[in-house]
There are 2 protein chains.
Amino acid sequence: MATDTLPTRGHAAKRLSILDAGARAFCREGYAGANIDMIAAEAGVSRQTVYNHYGDKDKLFAAVVTEITQRCNARSFEVLASFPDQPTDLEKELTCFAERLIVNCLCDQDGKFLRKLIQREGERHPHLFASWRNDGPGKVWSALAARFARLAYAGYLDMENPDVAARQFLALVNAELQMPALFGEKLENDRLQETAACAVKTFLRAYRKREMHTKEPAHLESALRG
Amino acid sequence: MATDTLPTRGHAAKRLSILDAGARAFCREGYAGANIDMIAAEAGVSRQTVYNHYGDKDKLFAAVVTEITQRCNARSFEVLASFPDQPTDLEKELTCFAERLIVNCLCDQDGKFLRKLIQREGERHPHLFASWRNDGPGKVWSALAARFARLAYAGYLDMENPDVAARQFLALVNAELQMPALFGEKLENDRLQETAACAVKTFLRAYRKREMHTKEPAHLESALRG
DNA sequence: ATATTTTTGGACAGTCTTGTCTAATATGTC
DNA sequence: GACATATTAGACAAGACTGTCCAAAAATAT
């Protein structure tokens, strides 16, 4: 789990290793089901070391949540920064954006971990997830809504409520991912691309501005609508 | 939990009471976190009675899952039977259908219980959820897809892949429900209706047939699309 | 009213888990 | 090499939970 830039031996490395093992165990078994011996074994560390680093199970859990949350948020906003603000081919670029979203936020290790943790323990430890809610997806949603609003203003999209559109965009992107995510199946690359393409296609069918870019055939439009 | 038609005293009543208490406890605490004493107390029954009825914790869990699954499936197909096959006002009727879906399948006790159980223990007890997958949402999806295909054939909708459309429909309906569901918030009635309306509106913007009902202005269509 | 079934409360052994403690070992620093 | 710090394995007490057993009490049926 520890990437190349992170310490691979020594004190800090063990700390990280424990954190990652804790994340895996808590996700797989739930808070009650995961035990310290398991986590220590999975981290390749003695039980005492876990206690040395994190004090007790509750503190370890809290550390896991905040750490993974931070990683996820960082990734989310990184991906968000690549939103196509001045697209030349809107569908294509939005599809690529959706793919990045899926790969980096929805399907990556930390993302899956965090969603499972939230699903499993969200009700039980509401305070821990306040930051997730306020600084994580909540912010991603509104940031995404702002991007869509800009695209609408620039004449690419036609929507009344960018907030709703943003939530729907994410829902569509997630649509085909629900089942696999629930059962821990892995997603092949081409299925992923198809998912993104489907979602964006439907999103644009609903929200793409329907007037011509060149000329407004208003009479044809009204004839078709009437 | 036991409705009026079900026994409210005697042997069978206790059995049901235990089942419901088990469902609540397993959802709230997870399999490992829920303990028999808790369930017995919540069911208003002694611990021994739980063992008399269900043998052990594993069997109780299995019974909870299959029972709740059956209840949910029954409801799902009941709602599905009310799908507007010959709509006079498609948007209105589809919105009502979506509301029924939300109320009876997504937001009702059993539905919430089951989704939580799946999220919490799906990976851990894959065999238990096979039926959920095969007889539950899986069947609902394909049945819904068949309804959409019929609407498309009847000229109300315009879609290439009814399966994808069905999944997207459910995803859109769910879009605004994710957060509240995750944190156990309850949904006000007007927010629910707005959610359904939003989802259906977007769905129809994407998939409503754009040709006239009376005559096919094929040349105009191609001119507009080209 | 009596017989049968069900439920109850409590005791119980066995197991698992947490968190502490200790003495020995490893790791890294000066 | 000597020293400080981090880590290890293992023992340990305290508590929680499961699943069993049993005799008394309650509910139900005959």
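By convention in this document, chain letters (A, B, ...) are assigned in the order of the sequence lines, proteins followed by strands, and residues within each chain are numbered from 1. In this text the structure is predicted, and so the values were computed from the model without any measurement.
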Identify all side-chain donor-acceptor contacts of residues 97-106 of chain A below 3.5 Å with residues at least two apart in sequence or on another chain.
residue	atom	partner	partner atom	Å
A:R100	NE	A:S82	OG	2.8
A:R100	NH2	A:S82	O	3.0
A:R100	NH2	A:S82	OG	3.1
A:N104	OD1	A:R75	NH1	3.4
A:N104	ND2	A:R100	O	3.3

Mind calculating the distance between [atom1] ([X]) and [atom2] ([N]) to the nearest angstrom?
X     : N      : atom1 : atom2 : result
B:I18 : C:dT8  : CD1   : C1'   : 13 Å
A:L60 : C:dG19 : CG    : P     : 10 Å
B:Y54 : C:dT7  : OH    : P     : 11 Å
B:N35 : C:dT15 : CG    : P     : 20 Å
A:F61 : C:dG19 : CZ    : C1'   : 19 Å
A:K59 : C:dT18 : NZ    : C1'   : 13 Å

Using atom types as modelled and distance alone, determine if a side-chain donor or acceptor of A:S17 lies under 3.5 Å from a backbone N or O of A:A13. no
For a quick test of your reading: what N or O donor-acceptor pairs under 3.5 Å do the side chains of residues 169-176 of chain A make, sequence neighbours left out?
residue	atom	partner	partner atom	Å
A:E176	OE1	B:R167	NE	2.9
A:E176	OE1	B:R167	NH2	3.1
A:E176	OE2	B:R167	NE	3.2

Strictly by side-chain hydrogen bond (donor to acceptor under 3.5 Å, both in side chains), give each pair with a member in residues 137-149 of chain B just once, sequence neighbours left out. B:D85-B:R147
[Y] side chain reached by [X] side chain, heavy atoms, under 4.5 Å:
X      : Y      : result
A:V65  : A:I118 : no
B:F113 : B:V64  : no
A:Y207 : B:R205 : yes

So for atom CD, which belongs to A:E194, do other residues, nucleotides or ligands contribute more than 12 heavy atoms lying within a distance under 6.0 Å? no
Using the heavy-atom set of chain A and a strict 4.0 Å cut-off, write down the first and last nucleotide of DNA chain D that makes it in, 5' to 3'. D:dA6 to D:dA11
Pairs involving residues 43-55 of chain B, ordered by first then second residue, that meet salt bridge (charged side-chain N to carboxylate O under 4.0 Å, His left out) (sequence neighbours left out): B:D37-B:R47
What residues, two or more places apart in sequence or in another chain, satisfy side chain to side chain contact (heavy atoms under 4.5 Å, CB included) together with [X]?
X     : value
B:A41 : none
B:S46 : B:Q48, B:T49
B:A32 : A:A32

Output all residues satisfying side chain to side chain donor-acceptor pair (under 3.5 Å) with B:E42, sequence neighbours left out; order by chain, then residue number. B:R24, B:R28
Is the distance from OP1 or OP2 of C:dT5 to the nearest side-chain N or O of B:K14 less than 4.0 Å? no
Taking only the side-chain nitrogens and oxygens of B:H53, find out if one of them lies under 4.0 Å from OP1 or OP2 of C:dT6. no
By a strict heavy-atom criterion of less than 4.0 Å, which residues belonging to residues 27-34 of chain B are in contact with DNA chain D? B:A34
So which of residues 39-52 of chain B are in contact with DNA chain D, with a heavy-atom cut-off of under 4.0 Å? B:R47, B:Q48, B:Y51
End axis versus end axis in the helix from C:dA1-D:dT30 to C:dC30-D:dG1, the angle rounded to 10°, five pairs used at each terminus: 30°
